[in-house]
Amino acid sequence: MSAYKSDFLNVLAGRGFIHQVSEPEALDALACSATITAYIGFDCTAPSLHVGSLLPIMLLRWLQQTGHRPIALMGGGTTRVGDPSGKDESRRLLAAAAINENLKGMRAIFTRFLRFGEGAHAAANDAIMADNADWLNTLNYIDFLREVGRHFSINRMLAFDSVKLRLERQQELSFLEFNYMILQAYDFVELYRRYGCVLQMGGSDQWGNIVNGIDLGRRLHNAQFFALTSPLITTSSGAKMGKTAAGAVWLNADMVSPYDYWQYWRNTEDADVGRFLKLFTVLPLDEIARLAALKGEEINEAKKVLATEATALVHGRAAADEAAATARTTFEEGGLGASLPTVQVSQAELKAGIGVLTAFVKAGLAASNGEVRRAIANNAIMINDVRVTSDKAAIGEADVTPGGVIKLSLGRKRHVLLKPV
RNA sequence: GGGGGAGUGUCCCGAGCGGCAAAGGGGGCGGACUGUAAAUCCGCUGGCUGACGCCUUCGUAGGUUCGAGUCCUACCUCCCCCA
């Protein structure tokens with residue numbers, strides 16, 4: 001289906017990663033003959049990356065897998081500037097202080113997906129972690145204007161969709177936001193200077209910004225840069241990826257447990273299974289074709305594979321298998337899975353008896369006693385798989401199962417174990 | 001600088017004659033049906049309480065009133081028009 005010669009573009013195209021590419025033939029030829037250095041920028045506004053960032057991360061991964069060199073660019077500088085609207089000074093400073101922490105959390109994720117060089121095992125395409133704070137923070141305004149600013153035509157910038165739409169709708173566009181695209185273009189050039197980076201990838205919304213970088217590269221260095229964007233991924237029902245009741249689906253294990261992460265993928269809609277297998281796992285395409293062709297009830301097998309493979313990439317194979325095993329015993333055998341979320345209670349407390357309301361709030365299944373009451377009224381609460389009908393019910397020593405725990409359930413999907421200590 | 005408009009259930013959007021725990025939607029959660037899917041239907045979607053009830057919520061701070069999301073004053077933030 002794809003007419004590319006290079007592994008790199010063939011893999012991306014075959015798996016559905018490509019939305020737009022600039023100069024595809026030239027990039028294809030380059031990918032065949034040389035090691036390309038390419039980058040993607042990531043904001044560091046949060047202590048972890050979430051599922052929404054997974055697609056770009058996979059892009060970098062395939063880049064490296066097909067022999068090229070990825071750069072993960074942290075927006076340490078651009079995040080400091082941030083979105084100026086609705087934020088006061090103090091909050092912005094706080095974010096600046098936390099950026100290093102955020103960077104640390106994010107770096108851990110990248111090491112799961114990319115191979116960074118380590119001493120003796122260094123290779124030509126080892127991944128690079130860069131931070132644009134390194135060059136943006138020390139920019140001299142006048143120098144910057146003279147070197148970079150003179151290459152940007154206001155006339156042309158006004159024609160960009162991102163700007164034009166705002167102006168047409170007579171919405172505010174701050175000078176700062178207007179400059180953001182210039183900073184991003186400059187990042188591209190700086191990475192070219194430092195590492196010979198000639199390709200920037202990103203989501204489809206980044207196209208305009210990337211193209212600006214390409215122009216700047218031509219003007220400053222007479223260099224040929226490339227852009228490659230990925231499609232915006234939504235579920236078949238149109239919802240954005242990565243949001244659940246509990247909030248964003250984070251990649252760090254201490255924010256979303258491997259078990260919950262596995263569950264997120266397990267609950268994928270039928271229509272998305274094939275597409276997600278291609279994007280978020282590294283299974284071979286023929287294997288994916290087989291799984292995606294499953295119909296009806298059988299497609300659940302494909303969802304389990306998706307969940308386990310996707311979880312293995314982020315949390316490791318062992319954690320993924322454990323999550324899968326827990327899901328199997330919990331959902332298919334009605335048993336108790338070892339890696340279900342567990343909350344500890346003291347023996348003394350248990351002896352005295354714990355009210356259902358307190359227990360479920362403590363277990364994190366509900367936010368308030370009232371919420372538990374409502375759930376009981378809705379027939380949603382179970383203790384050790386026995387339906388609870390009164391909010392006065394209490395949990396005591398007698399409820400401890402042979403396995404040494406008490407199983408609390410809200411609905412059919414959400415389970416927490418209470419463990420006496 | 002002058003004039004006009006807006007900020008509402010802390011997930012989002014959004015109605016709201018001075019009696020309001022506050023319409024409606026989206027989203028979310030739960031139930032039924034299923035396959036841990038989608039679609040559909042039903043219920044729930046401030047806190048405490050067994051319950052009467054009490055407490056906290058409509059940008060911030062005051063005020064008028066038996067009673068304020070609603071009226072008045074000042075302030076903050078955002079948007080529009082004029083300069």
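Numbered from 1 within each chain, the chains take letters A, B, ... in sequence-line order.
When Watson-Crick and G-U wobble pairs are counted only if both distances are under 3.5 Å, rC78(B) pairs with rG5(B). In a base pair of the Watson-Crick type (N1 to N3 plus N6-O4 or O6-N4) or a G-U wobble (N1-O2 and O6-N3), with each distance short of 3.5 Å, rA38(B) is matched with no nucleotide. Within the shown strands, rC13(B) is the pairing partner of rG24(B) under the Watson-Crick or G-U definition, both distances less than 3.5 Å. Nucleotide rC54(B) has rG47(B) as its partner under the Watson-Crick or G-U criteria, with both atom distances under 3.5 Å. Pair assignment for rU65(B) gives none, since no Watson-Crick or G-U wobble pairing has each distance under 3.5 Å.
Distance from the side chain of Ile299(A) is smallest to rG35(B) among rA38(B), rU36(B), rG35(B). Checking rG30(B), rA38(B), rG35(B) against every side-chain atom of Lys303(A), the shortest atom distance belongs to rG35(B). Side-chain atoms of Gln263(A) lie closest to rU36(B) of the nucleotides rU36(B), rG35(B), rC29(B). Among the nucleotides rC29(B), rA38(B), rG35(B), the one closest to the side chain of Glu269(A) is rA38(B).
As a whole-Å value, the separation of Lys304(A) NZ from rU36(B) P is 8 Å. Atoms CG (Leu410(A)) and P (rU36(B)) sit 18 Å apart, rounded to a whole Å. In this structure, CG of Asn267(A) is placed 8 Å from P of rA38(B), rounded to the nearest angstrom. In this structure, Lys413(A) places its NZ atom 8 Å from C1' of rA37(B), rounding to the nearest Å. Atom pair Arg275(A):CZ and rA37(B):P shows a separation of 19 Å (rounding to whole Å applied).
Across the C1' atoms, rU73(B) and rG26(B) are found 38 Å apart, a figure rounded to whole Å. Remark: the separation of the P atoms in rG30(B) and rC13(B) is 25 Å, to the nearest Å. Comparing rA68(B) with rU57(B), their P atoms are spaced 12 Å from each other, to the whole Å. Comparing the C1' positions of rU56(B) and rG5(B) gives an interatomic distance of 30 Å, to the nearest angstrom. Here, rG25(B) and rC44(B) have their C1' atoms 16 Å apart, quoted to the whole Å. If you take atom P in rG4(B) and the same atom in rU64(B), they sit 27 Å apart, rounded to whole Å. rC66(B) and rC11(B) are spaced 37 Å apart, taking the C1' atom of each and rounding to whole Å. Spacing between rA22(B) and rA6(B) at atom P, rounded to whole Å, works out to 25 Å.
Applying the salt bridge (Lys or Arg N to Asp or Glu O under 4.0 Å) criterion to Glu147(A), with sequence neighbours excluded, gives Arg193(A). Glu397(A) is linked by a salt bridge (Lys or Arg N to Asp or Glu O under 4.0 Å) to nothing, counting only residues two or more places apart in sequence or in another chain.
Toward the 5′ end of RNA chain B lies the nearest nucleotide of Gly411(A), the other residue of the pair Asp391(A) and Gly411(A) mapping further downstream.
One N or O donor and one acceptor, one from the side chain of Asp270(A) and one from the base of rG35(B), sit under 3.5 Å apart.
Both cation-pi conditions hold for Arg107(A) and Phe116(A): the charged atom is under 6.0 angstrom from the six-membered ring centre and inside a 45 degree cone around its axis.
Heavy atoms of Ala327(A) sit under 4.0 angstrom from at least one base atom.
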Reading 5' to 3' through nucleotides 44-49 of chain B, protein heavy-atom contacts under 4.0 Å coded B for base, S for sugar-phosphate only, - for none: SS-SSB

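Side-chain atoms of Lys413(A) and Asn267(A) form a donor-acceptor pair, as typed in the model, at a separation below 3.5 Å. At a cut-off of 3.5 Å, with distance as the only test, a side-chain donor of His415(A) or Ser409(A) sits close to an acceptor on the other residue.
Residue Lys295(A) places none of its side-chain N or O atoms closer than 4.0 Å to OP1 or OP2 of rA38(B).
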